[in-house]
**Q** 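Got a structure for you, questions after.
Proteins get letters first, then strands, A, B, ... in listed order; numbering begins at 1 in each.
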Amino acid sequence: MRTMLLSFLSVAALLATAPASAEGRLTIYTYDSFTAEWGPGPQVKKNFEAECGCQVDFVSVADGVALLNRVKLEGVSTKADIVLGLDTNLTAEARATGLFAAHGATPQVNVPGGWNDDMFVPYDYGYFAVVYDTEKLPTPPASLKELVEGDASRKIVIQDPRTSTPGLGLLLWVRSVYGDEAGAAWEKLKRRVLTVTPGWSEAYGLFTKGEAPMVLSYTTSPAYHMIADKTGRYQAAAFAEGHYLQVEVAGITVAGAKNPLAEKFLAFMTGPGFQDTVPETQWMYPAGETDTPLDPAFDKLVKPAKTLQFSPQEVADNRKAWVDEWLAAMSR
Amino acid sequence: MTRPEASGVEVRLDKVTFSYGETAFAFDVAFRPGCIAAIMGPSGSGKSTLLNLVAGFEMPQTGRVLIGGRDVSGDPPAARPVSMVFQENNLFAHLSVEQNVGLGRSPSLRLSGGDRDAVAQALERTGLGGKGRRLPRELSGGERQRVALARVLVRERPVLLLDEPFASLGPALREDMLDLVAGLQAERGMTVLFVTHQPEDARRIAHDMTFIDAGKPVASGPVGDFFGEAGPEAFRRYIGLS
Amino acid sequence: MADRVASAHRDARVAAGIVALAAISLLIGGAFAGLAFEGLRDPSGALAAFDPYMLRVARFTLWQALLSTLLSVVPALFVARALVRHPHFPGRGLILQLFAVPLALPALVAALGVLALYGRAGYFAGFLSTAGGETWPGIYGLSGILVAHVFFNLPLATRLFVEALQTVPSDQWRLASQLGMGARAGFRLIEWPVLRQALPGVAGLVFMLCVTSFTIVLTLGGGPRATTLEVAIYQALRFDFDPARATALTALQIVLTLAIVFVLSRLGAGAAAEANLSVAPRRFVSAGSGETVLNAALIVLALLFVAGPMAATVAAGLQADLARLVMEPAVQGAALTSLVLALLSALLAAALSMALVMARQALALRRAGTRRPLLEYLADTGAGFVLVVPPIVVGAGWFILLRHVADVFAFAPVLVVTVNAVMAMPFALRALRPAYDAASVRHERLCAQLGIGGWTRFRLIDWPWLRRPLATAAAFAMALSLGDLGVIALFGSDAVQTLPYLLLARMGSYRTADAAGLALMLGLACLALMFLSARLAKEAKP
């Protein structure tokens, strides 16, 4: 037993790399679709390194939730200077950890509903939407109400709010439209739900395989199909009540506050060197200033009549109760 | 070629008791040094158990096993001055005849020149000259037991235990093998404990006989005493004489 | 000298087993300690875990796992029997190798493959709609979960049963045909006793695999009514970050599984009831013509059931731009990482299992009574329970333990390898044990008598007999590790980008075609491994 532990430790000692956040280095924790070769990561790294004459190290985990967990687990000893990839449903929890520092800047950002947060700076945003297959569903629901009350044989695939961000998004969307009637709405909507998947990938996979004519995704999803696949087959349905907003943000850790590059990066993040990469890698709307105009496909996307949003604090306070309400309704 | 340690020693089971499930055994018996003792008795009477106790495959619950006056009760099988030939599975099927014999010299098969010579001589002596490279499956049943005996030769232990090693051979072949054992014993002076079902085997090569019934030795003595009119009653019944 | 060798050999195997058990307990226990330590800060979650919601989840977990086990294992008995009765069935070897592939497929790929056939838009949807008189609703719900679980586990159980049947000595078959035993008598007198011995082991294994099902249950379950404890554990750790609750739920999952597997073990005959992936060379069996037709039909049905979703996976994979995919540095890197990690896991799994198998046999030989001592039990069935410890728990626990000691990222590959190895070990055990036990029966006394022990014995005596089963065990372990997302899924790391990880990443960024192509590559890699192990096994015949 001891030898096992010792060998573990010696491997650790061997593999442990030199401490980061030395002069001229910036360590950014993010999720892996950001650093993937089709994500914005590579271009962002190149652009910022050229500007600062420093080195950027990305460390990536599965998604925003894993990102926050990781920072929580590492605590003050985290190597991250910047954590990039939380969304507004997580910021209240992130703030409560005490591991993030105020950024002390007034970022030039443009997100629906305005932005006022001393710790987190947005870099992109999008709206949740029901994406549908035009070949299977010529007349999509025009409102959340129509979705909830419509033909039960026209199915939708949704995600589980217990395990995924879009799942939580739909939960909040229904809640923001129906309020305390949300439970009853879910009981009606349940008839149309083909299945509830653990994450976005599974749901979108089922949708593109033709299992259901509708899926919960983003208003920007059709842009991918129009630009990359050259097809207008998949479209988002505009809902009269408005669409729920998701904003993705970055923040500086307490440790990173000592690294001057961290502030610099946040400023860079809201400028064109970062923002130009956002639309066609993240398939979201840029939150800051861009140099190149958006692809015309983005003009064809649904523009929400109204932006729906809970404050991070409201989400943090009610998430458990609302998920329980959802569980009760869906399990009945 | 006879070495001091290869000459026979006394084998004694001193008030040994042992039980296996419901069956209880009690052995208090000695075997003369340098002699062949036949061990006979009905099936299940405890013949093989006696050998296993001497070899160290079974541990006595009480009592001691003494070989040459030394208490070996606690010794593992390989540490005892004993070689054993089983009825079957005496050879490793994937090792050649030479290697199987060589294991008697070095359990890791690191053989010196002297060891190799000893192996070759032993093969020659047991009539296996020129067959050293073969695999066990290329040999007949009798030849396989000869390999086992060749290994006994190179191990040079003063006690040899034979657990019905020739039971599955034909009569002529069995007699050849018995003569080989007798010859080897005469050369080396080993103490041999020989379990058999065949009275004529005992008559042919044994000096002494121990008859076991229901887990106990019931008669012991020179083999000739057993086959006369005055032979022990249980033994006479066993071989169908009365 | 002889003394030392003999006593060393007596204990070397047991000692090796103890080291292996200690390593496994350290891995699992360490993780638990880490989580429990973190959980102590706020232990309220542990108690709160036992609410009505959890009872419902636990009930559903056991119910679906029991049904899945029943539906996988019972047909597998007959398919295995058919395969053994017809050793010259066309493509028999290929079928058996194909049956190893589902194990290596990520659950999501398998779910999509199953849906490609039986989903609302599946190949059979049109036919089923006509037959049913209304639009085919798909197989969402319990039925979907069961179909997918049977797809995973029927082939596994079949393989295990085939191996068990092959331990029947050919003399018995000769005797049976000489006595004119019909199919029914042959089954009752020869096959069933062997199968019954293997049954608890196989059923227990399948049950454990189904208990921990996650993606399948959520994706095909149709709604949150279909929730397993594994989902709740994942939720507790990931979303609520409540280590106390996660620890309590994991403990519950282990206790419940332990109880069921104990009951299953009572179904078997004898004390040594274990299934095996053995390797014996095979013989002829004769079957009547009516039975031949029936058996052929059974085999073809099972093959269609298993090959269907795989064919759908292949068809989808061929749509991908495979040439470009193969040339991508990211794909090549991930493939290499996957292979290296899987290879290391396989080696470790084989070594661990070897140690356990040797220790178990040494202990079994030493014991006098019929009751198995705890250590022997642990070295055998006990070690299998690692399957019900969620990898996310192991990952999180060790992360908590190590975060202050060292760079946790550096540990990711080490953790991936050890967790995969330990998870593959129950399978490797089944491949190794019968071969080792059989070799031991032949060699034990001779080795004791000649004083051959320890490493010498392994190298000289056991190795030639174990090369084949070790190759089988390692190939299985490698296939399992190849498809595993394991601990990486929790923390992710740029250092360990494996093929399944890349697959999910592509899938998560609209690149469904790429993902399908990667799934095809994974499946092919697994099939290649199975071929390789079969080839190795042939060459290494002692």
**Q** Restricting to side chain to side chain contact (heavy atoms under 4.5 Å, CB included), what partner residues turn up for A/Leu170, sequence neighbours left out?
**A** A/Ile158, A/Trp173, A/Val174, A/Trp186, A/Leu216
**Q** So what's closer than 4.5 Å to chain C heavy atoms on A/Ser153: side chain, backbone, both or neither?
**A** backbone
**Q** A/Ser331 versus C/Arg56: any side-chain heavy-atom pair under 4.5 Å?
**A** yes
**Q** Which residue out of A/Arg319, A/Arg162, A/Lys209, A/Met330 racks up the most heavy-atom pairs below 4.5 Å with chain C?
**A** A/Arg162
**Q** Could you tell me the separation between the CH2 atom of A/Trp283 and the OG atom of C/Ser509, rounded to the nearest 0.5 Å?
**A** 11.0 Å
**Q** Kindly state whether the ring of A/Trp38 and the ring of C/Tyr510 have centres lying under 6.0 angstrom apart.
**A** no
**Q** Between the main-chain N or O of C/Arg120 and the side-chain N or O of A/Glu211, is there a donor-acceptor pair closer than 3.5 Å?
**A** yes
**Q** Test side-chain contact (heavy atoms from CB on, under 4.5 Å) on C/Thr219 and A/Leu206 and set out the steps.
**A** CA-CA 9 Å; C/Thr219 305; A/Leu206 293 186; 4.1 Å; yes
**Q** Could you look at A/Pro161 and say if it's the side chain, the backbone, both or neither that has a heavy atom under 4.5 Å from chain C?
**A** backbone
**Q** Let's test your reading of the structure: which of A/Lys155, A/Lys320, A/Lys190 forms the most heavy-atom pairs below 4.5 Å with chain C?
**A** A/Lys155
**Q** State, to 0.1 Å, how close C/Ala121 and A/Gly210 come at their nearest heavy-atom pair, and which atoms those are.
**A** CB-O, 3.0 Å
**Q** For chain A, which candidate among C/Thr227, C/Leu21, C/Val231 shows the most heavy-atom pairs at distances under 4.5 Å?
**A** C/Thr227
**Q** Measuring heavy-atom distances to chain A, does C/Ile18 have an atom under 4.5 Å in its side chain, in its backbone, in both, or in neither?
**A** neither
**Q** Quick one: CZ on C/Arg511 to OH on A/Tyr224, what's the gap to the nearest 0.5 Å?
**A** 4.5 Å
**Q** To the nearest 0.5 Å, what is the distance between CD (C/Glu38) and NZ (A/Lys72)?
**A** 10.0 Å
**Q** Return the CG to OH distance between A/Leu194 and C/Tyr140, rounded to the nearest 0.5 Å.
**A** 4.5 Å
**Q** At a 4.5 Å cut-off on heavy atoms, which part of C/Ala316 comes close to chain A: side chain, backbone, both, or neither?
**A** side chain
**Q** Any donor-acceptor pair under 3.5 Å linking the side-chain atoms of A/Ser201 with those of C/Arg506?
**A** no
**Q** If every non-hydrogen atom of A/Val196 is compared with every non-hydrogen atom of C/Pro224, which pair is closest and at what distance?
**A** CG2-CD, 4.2 Å
**Q** For A/Glu202, is it the side chain, the backbone, both or neither that has a heavy atom under 4.5 Å from a heavy atom of chain C?
**A** both
**Q** Between CG of A/Leu327 and CZ of C/Arg225, what distance do you get to the nearest 0.5 Å?
**A** 12.0 Å
**Q** Could you tell me which portion of C/Thr512 (side chain, backbone, both or neither) has an atom closer than 4.5 angstrom to a non-hydrogen atom of chain A?
**A** side chain
